[in-house]
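Ligands are counted one by one from 1 in listed order, and the atoms in each one are counted from 1 as well. Remember, it's a predicted structure, so these values are computed and weren't measured experimentally.
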Amino acid sequence: MKPAILVARAIFPDVLTRLSTHFEVESNQEDIIFSPTQLAEKLRDKAGALTTSSARINRELLQQLPNLKMVANMAVGYDNFDLPAMAEFGVQASNTPDVLNETTADFGWALMMATARRITESEHWLRDGQWHKWRYDYFLGADLHGSTLGIIGMGRIGQAIARRSTGFNMKVIYHNRSRLSSEQEALANHAQYVSKEEVLRQADHLMLILPYSTASHHTIGAAELAQMKPTATLTNLARGGIVDDQALIAALRTNQIAAAGLDVFENEPRFNPDFLSLKNVVLTPHIASASEATRRAMANCAADNLIAGLSGQRPPNLLTLL
Ligand code: DGY
């Protein structure tokens, strides 16, 4: 008999077909966001699950699921997993690293450029019928070429973002839990390792791409925003909670920094509505990895992990320390 799994959110139909050659699949193509009680109910008889960041796999849930053996997240981030609890309950966990690095880095640049050059703000103005003449000072923005790019979180995506800056003749400074090797720094446009305070002080454009955890909660708050240049932009591709959104709103409102580009928010998708009244922010709905090819690669990577894990092999992207 094939093991039973839950695919907890809507997914590419061909990936469901692929999974159903290995498993009895319960799918959710209606894309209902299950409450913790519904998720526990759906998972009660399942050996595995394919999840996204909306499913919290924590101790309270695991206590109810003695049959569960593996959860494969379709995301590189796994802050929705309580890994120590998963290890304690003997549940393997996996994520989807690497397949999204380049697509996410491309998007980081798109968001940073849109933010620095006021692309969405000026488009809204044009669509609103306000364009009657050309003026020398309409929508003056900040240059990227020749400026200093500051990156907090220099994992694989951060390095891919830094590599792209060579064509813009930018200086790259970064802060990370640990310093890269000199070879990695050279490949990342000769990125220089500095303190977090130096990144904040020197960056013309600040890019956040670090994992979320209790340790990185509010890495950027009022005190950090106060250290940034008033001409600086901030781009958050990482996770809601890395930035204190209330403090950012205050900083944008008072022009303490010039602008922000945000793909992630605290409490998303119910983000702080005060962002909507600000012109100097570009807002996107958590789509940094959303190219057709990459989302397919992520779905297939999660499926590969689940297939390996539930057939007794080591999942390629195993996270749990069992
Ligand atoms: C990721 O892969 O972590 C993206 O943010 C999608 O959740």
Side-chain angles (χ1 to χ4, degrees), residues 6-12 15 28 31-34 39 49-58 70-83 86 93-112 151-161 176-177 207-220 234-243 245 260-271 282-306 315-320:
L6 174 72
V7 178
R9 295 288 306 276
I11 198 171
F12 296 100
V15 179
N28 175 19
D31 208 33
I32 296 159
I33 310 284
F34 297 133
L39 187 62
L50 194 152
T51 55
T52 66
S53 308
S54 61
R56 304 222 78 82
I57 309 298
N58 54 22
M70 162 116 203
V71 185
N73 222 25
M74 185 185 142
V76 64
Y78 48 89
D79 45 294
N80 55 315
F81 285 175
D82 179 343
L83 286 185
M86 291 175 84
S94 65
N95 67 340
T96 60
D98 293 324
V99 291
L100 47 58
N101 294 349
E102 302 300 324
T103 296
T104 304
D106 286 351
F107 188 84
W109 271 85
L111 192 52
M112 180 168 65
I151 303 179
I152 300 186
M154 198 59 144
R156 286 165 285 203
I157 301 172
Q159 292 171 53
I161 289 168
N176 196 43
R177 274 173 303 189
M207 178 72 70
L208 303 172
I209 183 69
L210 65 163
Y212 180 77
S213 67
T214 43
S216 63
H217 181 73
H218 287 184
T219 294
I220 302 295
L234 174 156
T235 301
N236 186 8
L237 287 188
R239 272 289 181 275
I242 295 280
V243 174
D245 284 352
L262 306 174
D263 189 46
V264 288
F265 304 86
E266 291 190 288
N267 307 315
E268 65 182 55
R270 288 175 297 280
F271 61 93
V282 179
L283 308 167
T284 54
H286 202 146
I287 56 168
S289 62
S291 74
E292 166 91 24
T294 291
R295 284 283 165 89
R296 279 188 178 282
M298 290 166 71
N300 277 303
C301 177
D304 291 343
N305 279 302
L306 204 52
N317 308 111
L318 183 66
L319 294 164
T320 337

A student checking ligand 1 against Arg239 at a 4.0 Å heavy-atom cut-off should list atoms 1 (C), 3 (O), 4 (C), 5 (O), 7 (O)
Quick check: Val76 and ligand 1, any N/O pair under 3.5 Å apart? yes
### Arg296 to Phe12, cation-pi by 6.0 Å centre distance and 45° axis angle
yes
| Taking the inter-plane angle between the rings of Tyr212 and His217 on a 0 to 90° scale, is it parallel (under 30°), tilted (30 to 60°) or perpendicular (over 60°)? | perpendicular
Heavy-atom nearest pair, Ile161 first then Leu237, reads CD1-CD1, 3.9 Å
Numbered in order shown, the ligand 1 atoms found under 4.0 Å of a heavy atom of Ala75 are 1 (C), 2 (O), 3 (O), 7 (O)
Mark yes or no for whether Arg56, through its side chain, and Asp79, through its backbone, hold a donor-acceptor pair below 3.5 Å. yes
Numbered in order shown, the ligand 1 atoms found under 4.0 Å of a heavy atom of Ser53 are 7 (O)
_What I want to check is whether the side chains of Asn317 and Asn305 have a donor and an acceptor closer together than 3.5 Å._
yes
Between Asn80 and the options Asn73, Thr52, Asn58, Val71, the side chain to side chain contact (heavy atoms under 4.5 Å, CB included) test singles out Asn73
Numbered in order shown, the ligand 1 atoms found under 4.0 Å of a heavy atom of Met298 are 2 (O)
Taking only non-hydrogen atoms of Leu100 and a 4.0 Å limit, the atoms of ligand 1 in range are 2 (O)
* To do: Before signing off on this row, confirm whether Arg295 and ligand 1 have an N or O atom pair separated by under 3.5 Å.
  => no
Atom 6 (C) of ligand 1 has as its nearest protein heavy atom His286 NE2, 3.6 Å
